[in-house]
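Report on the structure given below.
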Amino acid sequence: MAESSLSPVLIAGGEVIDATGRRHADVRIAEGAVVEVGASLAADGAQVLDAAGCIVSPGFVDLHTHLRQPGREEAETIETGSRCAALGGYTAVVAMPNTTPAMDNAGTVREVLELGRTALCEVVASGAITLDRAGTQLAPMAELASLGVRIFTDDGTGVQDDRLMRRALEYASGLGVTLAQHCEVTSLSEGTCMHEGAWSSRLGLPGQPSEAEEIMVMRDIALARLTGARVHFQHLSTAGSVALVRAAKTEGLAVTAEATTHHFTLTDACVAGYDPVFKVHPPLRTDGDVAAVRAGLGDGTIDAIATDHAPHTTEDKERPFDAAPPGMLGLETALALAITELTGDGAGPRLELSDVIALMSWRPAAIAGIDERHGRPITAGEPANLCVFDPTATWVVDPAQSASRSRNTPYAGRILTGRVRHTILAGTPTVIDGAATR
Amino acid sequence: MRHLLSIDDLGRDGIEEVMALTDSFVEVSNRPIPKVPALRGKTVAWLFYEDSTRTRLSFEAAARRLSADTMNFSVGSSSVKKGESLRDTAQTIQAMGVDAIVVRHGSAGVPWQLTRWLDCAVVNAGDGWHEHPTQALLDCYTLREHFGSLEGRRIAIVGDVKHSRVAGSDVRAFAALGAEVTLVAPPTLLPASLEGWPVQVSHDLDAVLTTTDVAYMLRMQLERQDEALVPSLREFTACFGLTVDRARLLPDHALVMHPGPMNRGIEIAAEVAESTRSVIRQQVSNGVAVRMAVLFLLLGSGRPEPIVTVPEEVAVHG
């Protein structure tokens, strides 16, 4: 890696889109950084990556990835998960702390960071808010922050106790870190496996109401107001949640939010065949919720597209629907889903490509606290974390082709538009012509 | 028909077909030797992840009267307890050479999952809170015996509808046959959404009873008392139990039904269950003939009539 990073790379013939705008330009990379951006640059011995017809953008940042290591290596490892990320155009992912053991201690966080050093993307460690994500006692947040952790979450469960959440927010604000909440009131959601509504009643499956999420969004907005601390809302899934966050932003509170690709592309009707590949938390909701999430992405209420990439083994996903674990793969399909569903002529507001890139790159980079090296403008002197993708190439999702150890994509057979061609991490290609370099 | 998973698979025509075929098998059941060779050489396996004596015995009687071989996969004392997956268990049974698997599972949708892994026929004998299609078919048959047709009949389904797979299938079947279904329960015991359900809803049992043709009482699942669904069983019985006094509100011709097993004194008074308007025992006996019809439709070859009406074969193979 160190050796190859020294060899210069020329991205030739593409159109650059970054936070400063869009222009046709070649990009020369050397020593891990962008060294020249301009028209018709000469190869000069550099490795040339063809970008004809492609967009050259900052690499993507996923705020919500489950890499499963340590603990569930049969489902994913940091290596395989990061390969999925690279193939999806990501140069950084925030690794969720629900590993076994949980990332609630310096030892586990160090292990993840260490394994991440040889990964195909930057692995940004999150930390648990509470010990063992059990919601009863704060994790050593200052110690974890000293290791570089900038985002804390008990993802998989929300912090149920109001007082503990208040203390966590106050404590976090003193450290300059962000708390990210998986909003779900367990007293309303325990024992459920899908959205509560017409489909759950028809299918005889126990459902959780939208309010299980919205009540916690409401509480955390109130606590953000009380404490002045930053709150990031993970995977918003309901129209009510989007409306609450929109109002909080209008009020000027320091809240941000993400939405997953599946919450703007799939609904609870997908559960009709009882295939647990469509089981996820928060659950797939209704058409109206999907429309609200899309509107939130369009008007800036939702800051980032996240994947909630959650690998599970085939065996686990073949359990009865109510007993199967929730989660679906996402890293390799996110860009194409966003392009196909949000920039086309479908329902809801139509986004520009630059909007999609913002939602996947510099805006999540800022939330993760890594915006000094990811989501940067593509100009000389900036770190070379880049993605080159063809926005018009179509392809068919084939689970067998995934780089993940797991196969639980809900999009098998779906025809998508937009494909990653090259990904460059710190000046070194991790993906060339759609194939991982290692 | 390859599988019987949901009443929706049958529709009105399919239900009528089962009813017509059941008539033949009721005749068989009334013979001195109630057995025909229709499914000779076929093997049916029971895969019951939940205890169910009555449904399993009813299916077993049905299969035997059709001369099918049967195998019982006892979940409680098997590889399932050792952690075997649903798929492995089902495929193992199929590998032993079965033509149909009759499955009951506490999780909704399991029969659908099995059809993705198996080539043999799958019969849903109850999945979670979802459906129990053969129960609905035997209920339809029992009602048809009494009323000739369900068209325009008023049927009140009373009690814990939310957790009832019987109600799930009955609503679909009764509505398909033209009955007017009213669900009578406290809101906590109704499904969260009734969007698209062909039913009316009432919380006033007394009012409904005076005009109904059928009072279909559901089993109150006693283990659910800790979920804050009703304040107490006492209050549930006071409001939604078919007590002796309340049964007097029924029109003279009205029937009382229950899928069993009954909680006497809770959703239904013992005296009402034993009264002349109760057809609860008929439901049980019709269950065997209905399940014969279902197994025959799934596994039989050719037209049913010659096979079930040739007495010599009965004598030879009985």
Side-chain angles (χ1 to χ4, degrees), chain A residues 74 185-212 238 267-279 283-289 312-326 399 407-408 412-413, chain B residues 5-8 49-50 80 83-91 103-117 122 124 126-133 161-169 171-172 183 189-199 201 224 226-229:
Chain A
E74 72 279 17
V185 175
T186 54
S187 64
L188 285 175
S189 70
E190 206 159 19
T192 67
C193 58
M194 69 176 294
H195 173 66
E196 181 179 283
W199 276 104
S200 68
S201 293
R202 183 166 164 188
L203 295 170
L205 288 168
Q208 61 164 282
S210 298
E211 285 72 8
T238 81
T267 68
D268 57 347
C270 294
V271 179
Y274 296 99
D275 186 343
V277 83
F278 294 103
K279 180 175 175 180
L284 302 177
R285 305 281 187 184
T286 66
D287 286 327
D289 295 307
H312 288 290
T313 63
T314 301
E315 292 70 35
D316 273 342
K317 280 295 191 182
E318 286 181 349
R319 294 164 71 187
F321 195 91
D322 59 3
R407 294 289 172 262
N408 56 308
Chain B
L5 305 180
S6 165
I7 288 294
D8 293 337
Y49 284 84
E50 275 187 347
V80 172
E84 185 172 62
S85 74
L86 190 62
R87 179 179 189 157
D88 282 341
T89 301
Q91 290 183 331
V103 61
R104 167 166 292 189
H105 202 290
S107 301
V110 162
W112 277 258
Q113 291 176 285
L114 292 185
T115 61
R116 291 198 275 271
W117 307 321
V122 175
N124 182 2
D127 66 319
W129 306 346
H130 182 221
E131 279 218 51
H132 189 359
V161 178
K162 180 184 173 83
H163 303 102
S164 174
R165 52 190 166 220
V166 173
S169 285
V171 165
R172 289 166 165 95
L183 304 178
L189 293 178
L190 289 170
S193 165
L194 289 170
E195 189 186 323
W197 289 48
V199 296
V201 172
R224 301 203 174 278
D226 57 352
E227 292 176 30
L229 294 164

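Quick note on labels: first sequence line is chain A, next is B, and so on, each numbered from 1.
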Exercise for review: Using a cut-off of 6.0 Å, state whether more than 12 heavy atoms not belonging to B/E227 lie near its atom CD.
Suggested key: yes
Review point. Side chain, backbone, both or neither: which part of B/H105 has a non-hydrogen atom closer than 4.5 Å to chain A?
Key: side chain
Practice item. Below 4.5 Å from any heavy atom of chain B, which atoms of A/P206 appear? Answer side chain, backbone, both or neither. Key: both
Point to revise | Toward chain B, the part of A/E196 with a non-hydrogen atom under 4.5 Å | key: side chain
Review point. Counting heavy-atom pairs under 4.5 Å to chain B, which of A/G207, A/A323, A/S201 comes out on top?
Key: A/S201
Review point. Of the non-hydrogen atoms in A/E74 and A/T313, which two are nearest, and what is the gap between them?
Key: CG-CG2, 3.5 Å
Check your understanding: Nearest heavy-atom pair of B/P133 and B/I7: which atoms, and what distance?
Key -> O-CD1, 3.7 Å
Check your understanding: Relative to chain A, which of B/Q113, B/R165, B/E195 shows the most heavy atom pairs under 4.5 Å?
Key -> B/Q113
Check your understanding: Between B/P191, B/S107, B/S6, which residue shows the highest count of heavy-atom pairs closer than 4.5 Å to chain A?
Key -> B/S107
Check your understanding: Does some side-chain heavy atom of B/V161 sit less than 4.5 Å from a side-chain heavy atom of B/L189?
Key -> no
Review point. When rounded to the nearest 0.5 angstrom, what distance separates CG in A/L205 from OH in A/Y274?
Key: 5.0 Å
